[in-house]
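See structure below.
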Amino acid sequence: MNNLEDLVVKLFDIEAFKFGSFKLKSGIQSPIYIDLRVIISYPDILRSVAVHMNEILQRSNVTYDSICGVPYTALPIASIICVDYKKPMLIRRKETKNYGTKKLIEGKFNQNDRCLIIEDIVTSGSSVIETADSLRAEGIQVTDAIVFFDRQQNGDNNLKEKNIRLLRVLTITQVLECLVKNKRITQEVSNDVQEFIRQNQTELPALKNGIIEMKSSSIPIRQRFQTIREEKKTNLCLCADLTSLDEIIELSKQVGPNICMLKIHCDILNDFSMEKIQQLKNISRTFNFLLLEDRKFADIGNTVQLQYTKGLFQIATWADLVTVHVLPGEGIVQALEQSVQSIDEPRGCLLIAQMSSKGALTNNEDYVKGVIKCTEKYSDYVIGFISQSRLTTDNKFIHCTPGIHLNNTGDQLGQQYVTPRQAIDGRGADILIVGRAITDSINRIKTCEEYQQEGYNVYEQLRNI
Ligand code: S5P
């Protein structure tokens with residue numbers, strides 16, 4: 001069955017294409033229903049689909065080191081291409097395991113390998129993008145994807161936005177033409193479908209499962225936190241005060257499902273590079289957590305603008321959130337907010353209201369009042385506080401509390417700890433910032449899970465009172 005036209009007719013005959021009136025998952029009524037899953041029951045057809053896909057790959061001169069099929073229908077197709085054309089395969093899990101290595105990508109790969117994504121049908125491109133984000137989070141390059149069938153609902157442009165070129169064997173227009181020509185459907189039915197397609201163009205949707213918010217790039221940070229907390233059931237911010245970004249990247253992949261935020265200090269890193277920080281950012285998108293650079297800005301407006309946007313770190317380009325002292329006056333916040341106006345993703349900051357360290361000069365009533373005033377004035381950019389108590393009844397401001405440990409009361413350098421329960425119940429914390437309690441523990445993943453569970457349980461208990 002080398003002829004593509006024969007294959008289309010065969011697919012119609014095995015009911016991979018159905019025409020009528022079908023309610024889609026989205027609730028929309030569609031005149032066409034396409035389900036390529038049936039091909040696994042017809043080995044000749046399955047192989048023919050793979051052969052045609054490979055022909056397109058040959059013609060397009062794509063170079064790649066491995067192939068990753070999007071579960072499920074594309075998996076057998078990917079397997080055939082990999083075996084027949086001797087390419088290694090990767091598999092992206094739909095969910096990470098709760099045990100063992102928690103790997104999201106199975107198979108062997110090297111950093112900067114190029115992986116081709118295979119999918120059966122593309123509508124918006126969201127599944128391909130979800131797969132690409134996971135691969136990229138592992139340092140694998142994704143530049144091309146191939147689909148058997150393009151519904152022509154703007155998937156190609158959505159993928160282009162993510163720097164992925166879409167190759168395809170067939171478009172819906174070609175299928176309709178072929179089926180009319182072979183008298184399987186009437187011209188009228190074909191026109192109806194074309195009209196439906198024209199009216200149902202897609203944009204990149206937000207994905208579910210707490211993993212990847214494609215539109216996270218446009219959802220305000222405050223709202224993102226609320227969604228993450230509910231979907232992932234976590235109010236834990238891991239504070240990774242490690243000096244190796246490589247190590248933070250590895251750790252963030254392991255604990256990504258457990259945290260709502262990752263806090264780092266970029267100026268303590270021995271191996272900072274924009275490439276690596278971009279990788280961390282991709283991981284934060286894959287696992288849907290916020291990235292907080294704990295820069296604690298504390299200078300005049302002009303200087304903080306430069307510190308925020310320039311230099312080695314270019315913090316504004318990657319950090320969803322930063323921390324800020326209001327010591328120099330509210331101009332500091334105005335200056336920071338101004339410098340991210342041209343960035344097309346939401347940015348926010350947390351004001352340091354009260355510190356956890358012994359004898360902190362911040363912990364004075366007038367100072368805290370000034371911080372609250374500033375927070376209210378710049379409430380678009382300031383999403384909340386770093387604090388040791390609840391400072392306002394306005395729940396839109398997020399209270400993040402550091403100085404958390406389950407079985408320690410402090411360190412030798414003035415840090416003071418309370419337990420997660422004390423922080424949430426006693427002090428009104430929304431987010432627990434936990435550092436060495438996790439990073440110094442023998443099993444970081446397990447400890448992280450413990451803090452996540454403890455923090456979220458206390459939050460839920462209070463919510464249900
Ligand atoms: O008052 C504060 C504010 C902050 S942001 N007290 C703090 O400890 N922090 C930060 O939280 C601090 O810089 C460190 O990164 C983290 C606490 O780390 P831990 O190891 O003591 O939990």
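Whatever order the structure lists them in is the order used to number ligands and atoms, beginning at 1.
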Can you list the steps and then say if Tyr381 with Tyr378 is a ring-ring contact (aromatic ring centres under 6.0 Å, His included)?
CA-CA 6 Å; Tyr381 178 60; Tyr378 294 94; 8.4 Å; no
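Pro402 CG, 3.4 Å is the protein heavy atom nearest to atom 2 (C) of ligand 1. Atom 19 (P) of ligand 1 has Tyr417 OH, 3.5 Å as its closest protein atom, hydrogens excluded (heavy atom only). Closest to atom 22 (O) of ligand 1 among all protein heavy atoms lies Gly435 N, 3.0 Å.
When non-hydrogen atoms are compared, ligand 1 lies under 4.0 Å from the side chain of Lys263 (C-beta onward) but not from its backbone.
For Lys281 and Glu345, the salt-bridge test passes: some basic side-chain N is under 4.0 Å from an acidic carboxylate O. Residues Arg222 and Asp380 are not paired through a salt bridge, judged by the lack of any N-O separation under 4.0 Å between the basic side chain and the carboxylate. By the 4.0 Å N-to-carboxylate-O rule, Arg285 lies too far from Asp133 to be salt-bridged with it. Salt bridge present: Lys276 and Asp271 bring a charged side-chain N and a carboxylate O closer than 4.0 Å. Look at Lys263 and Glu293 and you find no salt bridge, because none of the NZ, NE, NH1 or NH2 atoms lies under 4.0 Å from a carboxylate O.
Annotation: the span from Leu336 atom CG to Arg347 atom CZ amounts to 12.5 Å, rounded to 0.5 Å. Once rounded to the nearest 0.5 Å, the distance linking CG of Asn258 with OG1 of Thr234 reads 7.0 Å. Rounded to the nearest 0.5 angstrom, Lys296 NZ and Met355 CE are separated by 5.0 Å.
At least one heavy atom of Lys296 sits less than 4.0 Å from an atom of ligand 1. Under a 4.0 angstrom heavy-atom cut-off, Ser357 registers as lying outside contact with ligand 1. At least one heavy atom of His265 sits less than 4.0 Å from an atom of ligand 1. Using a 4.0 angstrom heavy-atom cutoff, Asp294 counts as in contact with ligand 1.
Ligand 1 places these atoms under 4.0 Å from at least one heavy atom of Ile386: 3 (C). Close approach of ligand 1 to Arg436 (heavy-atom distance below 4.0 Å) involves ligand atoms 19 (P), 20 (O), 21 (O), 22 (O). Those atoms of ligand 1 that come under 4.0 Å of a heavy atom in Cys239, given as number and element, are 14 (C), 15 (O), 16 (C), 18 (O).
The closest heavy-atom contact to atom 14 (C) of ligand 1, among the options Thr323, Asp241, Leu350, Asp411, comes from Asp241. Between Cys237, Ser387, Ser356, Ala240, it is Ser356 that holds the heavy atom closest to atom 7 (C) of ligand 1.
For Gln415, a nitrogen or oxygen atom sits less than 3.5 Å from a nitrogen or oxygen atom of ligand 1, counting backbone and side chain alike. Looking at ligand 1, you won't find any N or O of Met355 less than 3.5 Å from one of its N or O atoms.
Figure legend: Lys87 and Tyr64 shown as a cation-pi pair, the cationic atom lying under 6.0 angstrom from the six-membered ring centre and within 45 degrees of its axis.
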